[in-house]
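So the structure is just underneath, and the comments pick up after that.
Heavy-atom basis, side chains included; hydrogens, waters and symmetry copies ignored.
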Amino acid sequence: MKNGDDPNSFAALFEASPKKGAPRKWRLGDVLDLEVVRVGKSEVFVALDGKQEGYIEASELADKDGKSKVFEGSRIAARIVQVDRDTGAIRLSPVSTDPILPAVADAATEPGVPVARESAVVPGVKVKGKVVGVERYGVFLEFSVLGTSRPARGLIPVSELGAPRGADLRKLFPLATELSATVLSLDERGRTRLSVTALAAAEERREFESFVAGPEEKKTKGAPPRPTFGTFADLLKKKPS
């Protein structure tokens, strides 16, 4: 390594490591839920399997001011876009700066199978967008996807909105209303099904499990607190002191 080089740079790290071929299990297009282990000036490194790391170009995870949107301990969803057979380097591109929600992803895929392949959106990923259409059977949400210039669109069925039965959806969700949801599934035609209630339930479950596990098992260093929900607060009240 030359003097003045960034010791955390991708090139420096690979110069200091043995050159081995990448495992065959890493395939182009696979979307994975990963933990950020190091944030460098030009690359963000993520843990793949406890033994190997992949990298994402820092510019793909920076805001308009150049500040990183993630930190050590963040969980993000990213797609494998390059596997270097000579160096073993694996480059990924972020799909979302939010983690994949396991409860949702597991319900949409078979055990041991990557969450999705060759798609801009994947089951279990949290999205945020605006209402662009309201029908009697549900609400259409338009949302942005990292790495793509065109927004995506999905349907939140009535049963996944958490609205009272018989409610007037046009009054509850007027056009341009901002909503957060999770991707439930994609059909063979690429149509996306979303859910507000599944997102709330999954985040609530994650909050409660984190509370029960205790501070010694928390890995989100310096992470901002996640929002809590009423039912989660009720669970805390029932937890013995």
Check this for me: K69, atom NZ, are more than 12 non-hydrogen atoms of other residues, nucleotides or ligands nearer than 6.0 Å? yes
Indicate the atoms forming the closest heavy-atom contact of V145 with A152, along with that distance. CG2-CB, 3.9 Å
Which heavy atom in P94 sits nearest to a heavy atom in I56, and how many Å separate them? CD-CG2, 3.5 Å
Report the distance from atom NZ of K130 to atom CD of E142, rounding to the nearest 0.5 Å. 10.0 Å
Can you list, by chain and residue number, the hydrophobic cluster partners of F140 when the side-chain cut-off is 4.5 Å? V132, Y137, L155
Who are the side chain to side chain contact (heavy atoms under 4.5 Å, CB included) partners of S96, not counting sequence neighbours? A77, D98, V125
List the steps, then state whether side chain to side chain contact (heavy atoms under 4.5 Å, CB included) holds for V81 with L92. CA-CA 5 Å; V81 295; L92 304 99; 5.5 Å; no
Test applied, side chain to side chain contact (heavy atoms under 4.5 Å, CB included); reference residue, I90; option that passes from E53, Q82, Q52: Q52
Looking only at atom types and distance, does a side-chain atom of D84 sit under 3.5 Å from a main-chain N or O of G88, one as donor and one as acceptor? no
Could you go through residues 164-174 and list every donor-acceptor pair under 3.5 Å that involves a side-chain atom there, pairing it with any protein atom two or more places apart or in another chain?
{"unit_1": "D168", "atom_1": "OD1", "unit_2": "R170", "atom_2": "N", "d": "3.0"}
{"unit_1": "R170", "atom_1": "NH1", "unit_2": "V134", "atom_2": "O", "d": "3.4"}
{"unit_1": "R170", "atom_1": "NH2", "unit_2": "V134", "atom_2": "O", "d": "3.1"}

Pair E43, E57 - check side chain to side chain contact (heavy atoms under 4.5 Å, CB included), show working. CA-CA 5 Å; E43 292 88 16; E57 293 182 2; 5.6 Å; no
Do the side chains of P123 and L186 get nearer than 4.5 Å, heavy atoms only? yes
Roughly how far apart are L179 CG and L141 CG, rounded to 0.5 Å? 6.0 Å
Between V39 and S68 the two heavy atoms that sit nearest each other are CG1-OG, 4.0 Å
Say you draw a straight line from OG of S185 to CG of L194; how long is it, rounded to the nearest 0.5 Å? 9.0 Å
Rounded to the nearest 0.5 Å, how far does CZ of R193 lie from OG1 of T182? 11.5 Å
Criterion side chain to side chain donor-acceptor pair (under 3.5 Å) on S93 and E60, from CA distance to verdict: CA-CA 7 Å; S93 182; E60 293 191 69; 2.6 Å; yes
For A89 and Y55, the nearest pair of non-hydrogen atoms, with its separation, is CB-CE2, 4.3 Å
Tightest non-hydrogen contact, residues V37 and A47, listed as CG1-CB, 3.7 Å
Atom pair CZ (R38) and CD (E72), whose distance is rounded to the nearest 0.5 Å: 8.5 Å
List the steps, then state whether side chain to side chain contact (heavy atoms under 4.5 Å, CB included) holds for S74 with E35. CA-CA 6 Å; S74 294; E35 181 178 353; over 6 Å; no
Restricting to side chain to side chain donor-acceptor pair (under 3.5 Å), what partner residues turn up for S195, sequence neighbours left out? E160, T197
Pair V44-V36, side chain to side chain contact (heavy atoms under 4.5 Å, CB included): steps then yes or no: CA-CA 7 Å; V44 173; V36 173; 3.8 Å; yes
Set of side chain to side chain contact (heavy atoms under 4.5 Å, CB included) partners for D187, sequence neighbours left out: R189, R191
Between CG on residue L28 and CD1 on residue I80, distance to nearest 0.5 Å: 7.5 Å
Residue set satisfying salt bridge (charged side-chain N to carboxylate O under 4.0 Å, His left out) with R91, at least two apart, ordered chain then number -> none
